[in-house]
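Accompanying notes for the structure given below.
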Amino acid sequence: MALLLVGFLAGCGGPATEEADITAPTVSLTSPLDAAIGVTRSGNITATFNEAMNATTLTDASFTLAAGATAVAGIVSMDSGSIVATFDPTVDLASNTLYTATITTAAQDVAGNALAANYVWTFTTGTVVVFGPAPVPLGTAGNYVILAKSAVSTTGTTAVTGHIAVSPAATSFLTGFSETMDSSNTFATSSVVTGRLYAADMTEPTPTNLTTAVGDMQTAYTDAAGRVTPDFTNLGAGNVTGLTLEPGLYNWGTDLIATSGVTISGAADDVWIFQVSGDLTIGNGVIFTLSGGAQSKNIFWQVAGQATLGTTADFKGIILCQTAIVMQNGAALNGRALAQTAVTLDANAVTQPAE
């Protein structure tokens, strides 16, 4: 948000003053992405703005969806931070159909600035009806199996499949990998990583790419945390031990624990978002089993506290953590560890999900 500071010379009329924000807001991310194909017929359409918006200006009149000249009925809502607008169609979309989403210049930021022009994007549906919420867009954060802001460390015999990155921290905060810098100085390699390691002090374009990825990670966290109208609230009073979790949006206003096996059951395109207001603690040896075709890439764990995977636990899904992710000795993760502080490994197997 741009602020114009107008100063007056001393003795010429008083102290400096601040003028109001006059910069138009922009749409920084959409789901589905522009020109996406095979989009689920039962998901929501979202737009993420670069700043807080006036929620009263985001309505079904200013945020619309249409197939050709035929308007789609839906409900428009904003997340708690007034950053993400969601269009929820009242019925499933038609299969194999081109849709156009539009946010008009009636949409304004909290200072009253409107979009500079209508924001328009298109997507084409597939044939499958998906259960659960729309997936959380990861942006370029999805290029990494482990992404952290302050540090990534490992001890023991770790095996990572996918890229690792840390930013704004430097290469010295990648510890235990015995990495070798590439001659380009844009990445490093390690015998325990099937992929590359990146840090903010490497040669361009790495620092710029990582700044974008960290921003995308934080946007994804905000998106997941801002989803409203959960299908399940405080299920199991914060203990999902032994439960089977069907597709949907789950919310816990507490810590979340599991002390024995958990099953995540659904079809290949179904989606799960788990909102955890406290810590996520998975007990030693706890196995998360996928059934019915459920895929790790469609499982999102938004954790406000620390996420801890106990010794030899076998966990599934993408962890979007506001603090630290700690994997204890022998724990395995099929998914992604995206932390806004550090990721700590101890003889772990970390594998990026199949796309």
Side-chain angles (χ1 to χ4, degrees), residues 1-3 20-34 36 43-65 74-89 101-121 123 132-142 147 149 167 211-230 249-251 253 271 273-277 300-305 318-323 338-341:
M1 184 181 297
L3 292 175
D21 167 25
I22 60 170
T23 302
T26 60
V27 176
S28 57
L29 185 67
T30 64
S31 177
L33 296 174
D34 187 30
N44 293 337
I45 294 84
T46 67
T48 301
F49 294 88
N50 69 327
E51 60 176 307
M53 301 294 287
N54 180 344
T56 64
T57 67
L58 270 299
T59 68
D60 57 6
S62 60
F63 188 175
T64 63
L65 185 68
I75 298 171
V76 175
S77 61
M78 293 292 294
D79 72 312
S80 58
S82 296
I83 296 291
V84 181
T86 299
F87 184 100
D88 182 5
T102 303
I103 298 178
T104 73
T105 55
Q108 300 177 1
D109 65 17
V110 292
N113 301 303
L115 290 178
N118 289 353
Y119 190 89
V120 181
W121 73 102
F123 61 88
V136 178
L138 298 180
T140 61
L147 175 61
K149 294 177 68 175
S167 177
T211 297
T212 300
V214 168
D216 289 346
M217 172 177 70
Q218 293 174 157
T219 296
Y221 178 91
T222 300
D223 179 299
R227 301 295 180 96
V228 295
T229 317
L249 175 62
Y250 294 71
N251 179 273
V271 177
I273 298 177
F274 302 107
Q275 299 170 324
V276 184
S277 297
F300 301 89
W301 300 87
Q302 175 262 314
V303 183
I318 296 163
I319 305 174
L320 292 161
C321 190
Q322 195 170 34
T323 59
L338 309 179
Q340 295 183 37
T341 60

note = Exactly one of Asn118, Thr102, Val120 clears side-chain contact (heavy atoms from CB on, under 4.5 Å) with Thr64, and that residue is Thr102
ask   = What distance do Met78 atom CE and Thr46 atom OG1 have between them, rounded to the nearest 0.5 Å?
value = 11.0 Å
note = Thr341 and Gln322 have their tightest heavy-atom pair at CG2-O, 4.2 Å
inquiry  = So does Thr48 get a backbone contact from the side chain of Ser28, meaning a donor-acceptor N/O pair under 3.5 Å?
reply    = yes
ask   = Which atom names give the shortest non-hydrogen contact between Leu138 and Ala220, and what distance separates them?
value = CD2-CB, 4.0 Å
query = Can you tell me how far CG of Leu29 sits from CG of Asn50, rounded to the nearest 0.5 angstrom?
reply = 12.0 Å
query = Within the distance-only criterion (no hydrogens, no angle test), does the side chain of Asp223 pair as donor or acceptor with the backbone N or O of Val136 below 3.5 angstrom?
reply = no
inquiry  = I'd like to know if the side chain of Thr104 reaches the main chain of Ala106, judged simply by a donor and an acceptor atom lying under 3.5 Å from each other, with no hydrogens or angles considered.
reply    = yes
inquiry  = For Pro135 versus Phe300, what's the shortest heavy-atom pair and its separation?
reply    = CA-CE1, 3.9 Å
ask   = Is there a donor-acceptor pair closer than 3.5 Å between any side-chain N or O of Thr57 and the backbone N or O of Gln108?
value = yes
task = Show your working on side-chain contact (heavy atoms from CB on, under 4.5 Å) between Ile103 and Leu58 and close with a plain yes or no.
result = CA-CA 8 Å; Ile103 298 178; Leu58 270 299; 4.3 Å; yes
inquiry  = Just so I know, are the side chains of Phe49 and Asp109 near enough to count as touching, which here means a heavy-atom distance under 4.5 Å?
reply    = no
message = Restricting to non-hydrogen atoms, name the atom on Met217 and the atom on Leu320 that form the minimum distance, rounded to 0.1 Å.
response = O-CD2, 4.2 Å
Shortest non-hydrogen separation from Ala24 to Ala116 and the atoms involved = CB-N, 4.0 Å
ask   = Any sub-3.5 Å donor-acceptor pair from Trp121's side-chain atoms to Pro32's backbone N or O?
value = yes
key: Note, Phe123 side chain near Leu65 side chain (heavy atom, < 4.5 Å)   = yes
task = Verify side-chain contact (heavy atoms from CB on, under 4.5 Å) between Arg227 and Asn44, making sure each step is shown before the conclusion.
result = CA-CA 11 Å; Arg227 301 295 180 96; Asn44 293 337; 5.7 Å; no
key: Student check: side-chain heavy atoms of Thr30 and Pro137 closer than 4.5 Å   = no
task = Please confirm whether the backbone N or O of Gln218 pairs with a side-chain atom of Gln340, one donor and one acceptor, at under 3.5 Å?
result = no
